[in-house]
Student: 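Below is one structure. I have some questions about it.
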Amino acid sequence: MTSIQRATSSPATSRTEAPRVDTRPTAAPEQPSQRNALATARNTDAFVAQPLRYDGSKPATGTDNTQAWIPVDAPVRGNPSNRNAATYNEVLNQFAVGNNPRYTPRGGNTYCNIFVWDATRAMGAEIPHWVDANGNSTGVGKGRELNANATVDWLHQHGERHGWRKVSAEEAQNLANQGHPATAVWKNPGGIGHVAMVRPGEVTSQGPAIAQAGSKNFNNGHVKDSFGNRPVEYWVNDSGKPTGGGQPAPTPTPTPTPTPTPGGSASVPQVDLQRDARGPEVQKLQGALVKLGYMTPEQVATGPGIFGPKTQSAVAKFQTDHGISPNSGIFGPKTRAAMTAELDKLSRPAVPQSTLRRGSEGPEVKQLQDALVRLGHMSAEQVATGPGIFGPKTEVALKAFQSSRGIEVDGVYGPQSRQALTDALGGKPSPGPVTGPTPTPPTGGSDAAKAARINDMLKNSGLRGQGEHILAMSKKYNVPPELALAMFQKEAQWNTTGVAPKNNNPGNLRFAEWERQFGGVPNGGFTRFPSVEQGIEAYFRLMDKGYRQFIDNKDWQGMINKYAPPSDGNDSTTYARQIAQWMETYRAQING
């Protein structure tokens with residue numbers, strides 16, 4: 001059985017301009033100019049301690065030369081003796097790769113390697129564009145130019161002696177977060193490859209955070225937004241000294257958005273907003289995004305009341321998570337309604353429906369923590385040390401709550417604790433010690449009731465109305481419906497993102513001949529099905545025939561190691577943990 005891989009978009013096929021007969025004058029060696037002297041002076045703690053000047057929306061003066069073969073004189077330079085995330089962010093943002101004419105595709109050429117050249121050169125860790133026979137950087141017009149594939153070859157052949165080394169995706173992100181320049185690269189054996197810069201951020205299901213030029217240019221994205229499921233390599237130059245300094249001067253903290261009143265409208269802007277908007281309504285939107293977990297107070301503090309790239313990215317992520325299309329990052333009527341509904345949920349007591357214990361993670365753990373804060377068994381400061389993480393403080397607080405309600409004090413949030421928490425938040429008095437057997441959880445009723453609950457879960461997704469079919473396929477192939485829902489969520493946000501909805505393929509199955517029995521045909525390496533129903537059945541059949549042993553043994557890590565193998569650059573450990581947690585949540589929702 002062919003291993004199944006995931007993809008959410010097609011890879012960029014980046015290439016540099018074709019080698020040309022050199023009729024350009026050879027550039028004179030660079031001389032220290034007043035501008036370069038200023039740039040050097042800025043690479044001190046005195047400089048980087050100032051508020052950041054670039055947010056990635058507009059290129060800095062001098063970085064927009066469209067003669068891509070000529071290096072640019074970037075005003076902000078990284079200093080190897082003072083590596084920090086703030087300076088690295090500033091270096092990348094000054095190029096505004098998403099809006100810089102230097103990297104705009106033209107004449108059949110794209111400029112991923114030029115952006116990497118510019119960024120690493122500014123960081124003092126150049127991955128060169130012009131090299132001699134020994135791989136050393138040369139002046140313009142000397143030696144040869146490197147395209148994306150040749151850039152990957154240079155890293156393999158010469159990177160080590162220039163301070164570059166190959167690392168994992170997680171290492172690349174961690175080191176970028178310390179301020180070390182890092183890259184994501186792919187050599188295309190049948191054409192032009194692709195290279196990008198790993199920037200400070202976090203590893204998600206889409207991989208490390210990146211900025212890139214190519215067939216599409218963006219300053220804030222993730223690896224799979226462009227590389228898809230290609231076998232990406234990560235390289236980092238960590239020969240410099242991480243200092244942890246370089247943070248911008250504190251910006252006044254925005255006035256906190258008031259707790260939403262019933263209906264939530266008081267905390268949601270009542271006007272449409274988009275990039276470059278300013279004022280109190282933008283600040284209200286940012287406050288709502290913080291409450292909902294899509295922005296941090298630190299992100300807001302860099303531009304309170306200014307609708308910049310961070311706010312746009314947060315709105316777009318909220319739209320994606322709530323099935324709002326297009327996920328443009330523009331705050332309009334649909335987004336207003338969805339955000340109002342989510343804030344309404346926050347204003348009501350939330351009781352987790354899953355069983356939770358030490359080591360659990362996710363939004364339901366945060367619900368439990370918030371409820372324990374509300375009841376006085378935890379403080380907000382304790383939650384802030386690990387929101388959404390069931391650690392020792394949460395366990396101690398839960399035991400205190402269990403003791404106060406007269407139920408078994410085991411530190412595990414199960415049926416008894418769920419009922420007691422529901423009663424406590426609803427104002428019911430403590431019942432005293434509980435004796436007798438633990439109540440049996442509800443079985444969920446009829447298949448019709450379960451299908452109706454699944455349909456309610458999927459009503460705003462690309463799988464709406466598929467509850468009965470999913471339940472029928474679950475019985476036919478003996479595969480839990482909650483597993484399918486978790487996998488479909490992970491692969492394609494319930495068939496709303498990437499190539500999955502176009503292919504009626506919510507599990508992102510790669511093409512194999514057996515899929516023809518369900519009408520499947522190849523489409524760019526993946527399978528296109530005539531209908532989403534056939535795509536769903538093909539997924540269940542694959543689970544039954546190819547992954548039976550993992551399902552029977554409940555070995556979700558083993559299953560994911562095969563479905564999304566680490567050798568393809570996947571964070572399979574995080575993937576498996578999310579699947580296990582989501583299954584528990586969806587099982588409870590299906591059973592009612």
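Only heavy atoms go into these numbers, but all of them, side chains included; no hydrogens, no water, no symmetry mates.
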Student: Below 4.5 Å, heavy atoms only, C-beta onward: do Y88 and P200 meet side chain to side chain?
Tutor: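 Sidechains of P200 and Y88: in contact.
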
Student: What's the separation between atom CD in Q286 and atom CG in L273, rounded to the nearest 0.5 Å?
Tutor: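 Q286 atom CD to L273 atom CG measures 10.0 Å (nearest 0.5 Å).
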
Student: So V383 and K366, do their side chains get closer than 4.5 Å, heavy atoms only?
Tutor: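 Counting from C-beta outward, K366 and V383 do come under 4.5 Å.
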
Student: I need the S461 OG to N455 CG distance, nearest 0.5 Å.
Tutor: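 Output value for this atom pair is 9.5 Å.
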
Student: According to side-chain hydrogen bond (donor to acceptor under 3.5 Å, both in side chains), who are the partners of D238, at least two apart in sequence or on a separate chain?
Tutor: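 Partners of D238 by the side-chain hydrogen bond (donor to acceptor under 3.5 Å, both in side chains) criterion, ordered by chain and then number, come out as R165.
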
Student: Is a donor from one side chain sitting under 3.5 angstrom from an acceptor on the other, for Y477 and E537?
Tutor: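 The answer is yes; a qualifying pair exists.
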
Student: Working to the nearest 0.5 Å, report the span between NE2 of H180 and CG of N84.
Tutor: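 With rounding to 0.5 Å, NE2 (H180) is 10.0 Å from CG (N84).
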
Student: Donor-acceptor check, side chain of T340 to backbone of R336, threshold 3.5 angstrom: yes or no?
Tutor: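 Judged by distance alone, yes, a pair lies under 3.5 Å.
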
Student: Is the NZ or CZ atom of R358 positioned over F390's six-membered ring, under 6.0 angstrom from the centre and within 45° of the axis?
Tutor: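 No, R358 and F390 do not form such a contact.
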
Student: Within the structure provided, determine whether Q578 and T574 are in side-chain contact (heavy-atom separation under 4.5 Å).
Tutor: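 Heavy-atom side-chain distance check passes, below 4.5 Å.
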
Student: What I want to check is whether the side chains of Y575 and E491 have a donor and an acceptor closer together than 3.5 Å.
Tutor: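 Short answer, yes.
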
Student: Any side-chain heavy-atom pair from T394 and Y413 closer than 4.5 angstrom?
Tutor: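 SC-SC contact between T394 and Y413 ruled out.
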
Student: Distance only, no hydrogens: is a donor on one side chain within 3.5 Å (strictly under) of an acceptor on the other, for Q173 and E202?
Tutor: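 Distance-only check fails for Q173 and E202.
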
Student: Does the K393 side chain pair with the main chain of T385, one donor and one acceptor, at a distance under 3.5 Å?
Tutor: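 Pair absent, no side-chain N/O of K393 close to backbone of T385.
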
Student: Under 3.5 Å, is there a donor-acceptor pair linking the side chains of Q402 and S417?
Tutor: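 Their side chains do contain a donor-acceptor pair, which is all the 3.5 Å distance test asks for.
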
Student: Tabulate below the donor-acceptor pairs under 3.5 Å that side-chain atoms of residues 481-488 make, not counting sequence neighbours, or state none.
Tutor:
unit_1, atom_1, unit_2, atom_2, d
E482, OE2, R587, NE, 3.0

Student: Hey, is the main chain of I590 close enough, under 3.5 Å, to the side chain of R453 for a donor-acceptor pair?
Tutor: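 Side chain of R453 to backbone of I590, a donor-acceptor pair under 3.5 Å: yes, one is there.
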
Student: Which atoms form the tightest heavy-atom contact between I407 and A420, and what is the distance?
Tutor: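 Taking I407 first and A420 second, the nearest heavy atoms are CD1-CB, 4.1 Å.
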
Student: Check A182 against V236 and note the closest heavy-atom contact, atom names and distance.
Tutor: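 Here A182 and V236 meet closest at CB-CG2, 3.9 Å.
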
Student: Any donor-acceptor pair under 3.5 Å linking the side chain of Q549 with the backbone of Y547?
Tutor: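 Flag not set: sc Q549 to bb Y547 has no pair under 3.5 Å.
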
Student: Taking the side chain as C-beta and beyond, is there a heavy-atom pair between I560 and F550 under 4.5 Å?
Tutor: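 Side chain of I560 against side chain of F550, heavy atoms only: no contact under 4.5 Å found.
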
Student: Taking all non-hydrogen atoms of both residues, which atom of V412 and which atom of L398 are closest, and how far apart?
Tutor: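 Reported closest heavy-atom pair: C-CD2, 3.7 Å.
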
Student: Using the side-chain hydrogen bond (donor to acceptor under 3.5 Å, both in side chains) rule, take Q178 and N174 through it: C-alpha gap first, then chi angles, then the decisive distance, then the call.
Tutor: CA-CA 7 Å; Q178 296 176 33; N174 289 337; over 6 Å; no

Student: Just by distance, do the side chain of S572 and the backbone of A564 share a donor-acceptor pair under 3.5 Å?
Tutor: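 Such a contact is found between S572 side chain and A564 backbone.
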
Student: Measuring from H322:NE2 to K334:NZ, what's the distance to the nearest 0.5 Å?
Tutor: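 Going from NE2 on H322 over to NZ on K334, the span is 14.5 Å.
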
Student: Between T183 and A196, is there a donor-acceptor pair closer than 3.5 Å when you use the side chain of the first and the backbone of the second?
Tutor: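 Absent.
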
Student: Hey, are the side chains of E364 and Q367 touching, using non-hydrogen atoms and a 4.5 Å cut-off?
Tutor: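 A side-chain contact exists here, since the closest heavy-atom pair is under 4.5 Å.
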
Student: With sequence neighbours excluded, what pairs up with K317 under the salt bridge (charged side-chain N to carboxylate O under 4.0 Å, His left out) test?
Tutor: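 Expected list: D321.
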
Student: For H469, what residues pass the ring-ring contact (aromatic ring centres under 6.0 Å, His included) criterion, not counting sequence neighbours?
Tutor: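 With neighbours one apart ignored, the set is empty.
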
Student: Measure the shortest side-chain to side-chain distance between W556 and M559 over non-hydrogen atoms and say whether it is less than 4.5 angstrom.
Tutor: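 Contact flag for W556/M559 side chains = yes.
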
Student: Let me confirm one number: the CH2-CG distance from W514 to L509, rounded to the nearest 0.5 Å.
Tutor: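 One finds 5.5 Å between CH2 of W514 and CG of L509.
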
Student: Report the residues that fulfil ring-ring contact (aromatic ring centres under 6.0 Å, His included) with F218, sequence neighbours left out, ordered by chain and then residue number.
Tutor: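 By the ring-ring contact (aromatic ring centres under 6.0 Å, His included) rule, F218 matches no residue at all.
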
Student: State the CZ-NE2 distance between R199 and H222, to the nearest 0.5 angstrom.
Tutor: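 So the gap between those two atoms works out to 10.5 Å.
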
Student: Does Q353 reach the side chain of Q589, with side-chain heavy atoms less than 4.5 Å apart?
Tutor: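 Side-chain contact under 4.5 Å: no.
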
Student: Quick one: which residue pairs count as a salt bridge (charged side-chain N to carboxylate O under 4.0 Å, His left out) with a foot in residues 547-558, not counting sequence neighbours?
Tutor: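 Of all non-adjacent pairs touching residues 547-558, those that pass salt bridge (charged side-chain N to carboxylate O under 4.0 Å, His left out) are D544-R548, R548-D552.
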
